[in-house]
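In what follows, a single structure is set out as structure tokens and then discussed.
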Amino acid sequence: MLINPNTSVTTTAMMTAVARRTLGSTVPVQGLTVERGPRMLTEPAALRAAALEVVTAGRLALSAGDRAALIVGAFGDPGLDELRALADIPVVGIGEAALLEASAGGTPFGIATTTPLLADSIADQVARLGLTPLFTGLRLTQGAPEKLAARPESLRESLALAGERCVNRDGARAIVIAGGPLSDAAESLRPHFATPLIVPIPAACRLVARLTPTGG
């Protein structure tokens, strides 16, 4: 079950499709959209509010009793610790999964994203995982996140430029695209980079596969 911490059912469908492509046709993936909150999580207060809704949605998913794992589908991992305390199945946050994958083996990594108001939250997230020494920095796209989300080509171009700066100016040897709703754009950019490009939804799915006995 992939829980979308924002209220956009379109985003839920997109992220669920990415998860299904990653896990394959033998692993059923369902998407669940929180009932209340913003359509995009672009600032810290929205992340905090989303955590409560994620826990509520997670309780509902757990009550069904037939889930192998839960994925929290926002890079800030709202509600992740609370859900882990409630669940007896793996609970994976896409932000945590992406950061751990990017930094594996001591790889220096950078982060590219669209949300300047979450810069401090992202740095704190890196620090909580003990990865600050490997973090080469955050690069931001130009323009309001909401406007970029409505213009896919501009979003891809802006993310590509931010990713290039992670590598060419900051020395990153892996790039994390920070944002579940950025998954489609991020996946389309893979051929653009020789440097590994880490997309959070697939990273979370790979972690789920390692944590569950049958890979789903």
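Residues: numbered from 1 along the sequence shown. FYI, side chains are in, hydrogens and waters are out, and symmetry mates aren't considered; it's all heavy atoms of this structure.
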request  = I would like to know whether Gln125 and Leu99 meet side chain to side chain contact (heavy atoms under 4.5 Å, CB included); could you show each step before the answer?
outcome  = CA-CA 9 Å; Gln125 189 174 11; Leu99 293 171; 4.1 Å; yes
- [ ] Let me see the working for Thr136 and Phe109 under side chain to side chain contact (heavy atoms under 4.5 Å, CB included), right down to the final yes or no.
- [x] CA-CA 6 Å; Thr136 62; Phe109 67 92; 5.8 Å; no
Exercise for review: Any chance you could lay out the salt bridge (Lys or Arg N to Asp or Glu O under 4.0 Å) test for Arg165 and Asp170, step after step, and finish with the verdict?
Suggested key: CA-CA 7 Å; Arg165 287 174 173 166; Asp170 303 332; over 6 Å; no
Test log, rule side chain to side chain contact (heavy atoms under 4.5 Å, CB included), inputs Glu164 and His192:
CA-CA 10 Å; Glu164 289 168 0; His192 183 84; 2.6 Å; yes
Please walk me through it: do Leu70 and Leu83 pass side chain to side chain contact (heavy atoms under 4.5 Å, CB included)? CA-CA 9 Å; Leu70 299 180; Leu83 271 188; 4.2 Å; yes
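Counted by atom type alone, Thr115 and Thr42 present zero donor-acceptor pairs between their side chains at under 3.5 Å.
Residues Thr114 and Pro145 approach most closely at O-CG, 3.0 Å, considering heavy atoms. Heavy atoms only, all atoms of each residue included: Ala112 and Gly163 are closest at CB-N, 4.0 Å. A pairwise comparison of heavy atoms in Ala102 and Thr107 identifies O-CB, 3.3 Å as the closest pair. Nearest heavy atoms, Ile111 versus Ala178: CG2-CB, 3.5 Å. The two residues Gly93 and Leu80 come nearest to each other via the heavy atoms N-CD1, 3.6 Å. Pairing each heavy atom of Ala46 with each of Pro38, the nearest pair is CB-CG, 3.9 Å.
When the side chains of ILVMFWY residues are joined at heavy-atom separations under 4.5 Å, either directly or via intervening members, Val167 and Leu159 end up in a single hydrophobic cluster. Both Phe135 and Ile198 sit in one connected hydrophobic cluster of ILVMFWY residues. Membership requires side-chain heavy atoms under 4.5 Å apart, directly or through other members. Linking ILVMFWY residues whenever their side-chain heavy atoms come closer than 4.5 Å, directly or via other members, leaves Ile3 and Val92 in distinct clusters. Clustering ILVMFWY residues whenever any of their side-chain heavy atoms sit less than 4.5 angstrom apart, transitively, puts Val34 in a cluster other than the one holding Leu41. Note: the hydrophobic cluster containing Ile177 also contains Leu148 (ILVMFWY, side chain heavy atoms under 4.5 Å, direct or indirect links).
For Thr12 (side chain) and Ser8 (main-chain N/O), a donor-acceptor pair under 3.5 Å exists by modelled atom type. No donor-acceptor pair under 3.5 Å is formed between the side chain of Thr33 and the backbone N or O of Asn4. Here the side chain of Asp77 pairs a donor or acceptor atom with the backbone of Gly95 at under 3.5 angstrom. Panel note: side chain Arg139, backbone Thr113; no donor-acceptor pair is recorded below 3.5 Å. Checking side-chain atoms of Thr16 against main-chain N and O of Ala13 turns up no donor-acceptor pair under 3.5 Å.
Counted within 6.0 Å of CZ on Arg67, heavy atoms from surrounding residues, nucleotides or ligands total more than 12; the atom is thus considered enclosed. Within 6.0 Å of CD on Glu153 lie more than 12 heavy atoms contributed by other residues, nucleotides or ligands. Arg21 CZ: more than 12 foreign heavy atoms inside a 6.0 Å radius. At most 12 non-hydrogen atoms from other residues, nucleotides or ligands lie less than 6.0 angstrom from CD of Gln142. Residue Asp120 qualifies as open at atom CG: its count of foreign heavy atoms under 6.0 Å is 12 or below.
Here the CD-CD distance, from Glu53 to Glu35, works out to 7.5 Å after rounding to the nearest 0.5 Å. Distance check: Lys147 NZ to Ser154 OG gives 11.5 Å after rounding to the nearest 0.5 Å. Note that CD1 of Ile89 is 10.0 Å distant from OG1 of Thr212, once rounded to the nearest 0.5 Å. Taking CD1 of Ile122 as the start and CG of Leu140 as the end, the distance is 7.5 Å to the nearest 0.5 Å. Note that CZ of Arg156 is 7.5 Å distant from CG of Leu189, once rounded to the nearest 0.5 Å. Between Leu134 atom CG and Ser103 atom OG the span is 6.0 Å, to the nearest 0.5 Å.
Looking only at side-chain heavy atoms (C-beta outward), Leu118 and Phe75 stay at 4.5 Å or farther from each other. Inter-residue side-chain proximity for Leu47 and Pro44 is flagged as unmet; no heavy-atom pair is nearer than 4.5 Å. Here the side chains of Ile94 and Val72 are not in contact, with every heavy-atom distance at 4.5 Å or above. Looking only at side-chain heavy atoms (C-beta outward), Ser63 and Arg59 stay at 4.5 Å or farther from each other. No side-chain heavy atom of Pro152 sits under 4.5 Å from any side-chain heavy atom of Leu155. Counting only heavy atoms from C-beta outward, the side chains of Ile201 and Thr22 never approach each other to under 4.5 Å. Using a 4.5 Å cut-off on side-chain heavy atoms (C-beta onward), Pro196 and Ile175 make no contact. Counting heavy atoms from C-beta on, the side chains of Val199 and Arg190 come closer than 4.5 Å.
With sequence neighbours excluded, the residues that form a side chain to side chain donor-acceptor pair (under 3.5 Å) with Arg84 are Glu96.
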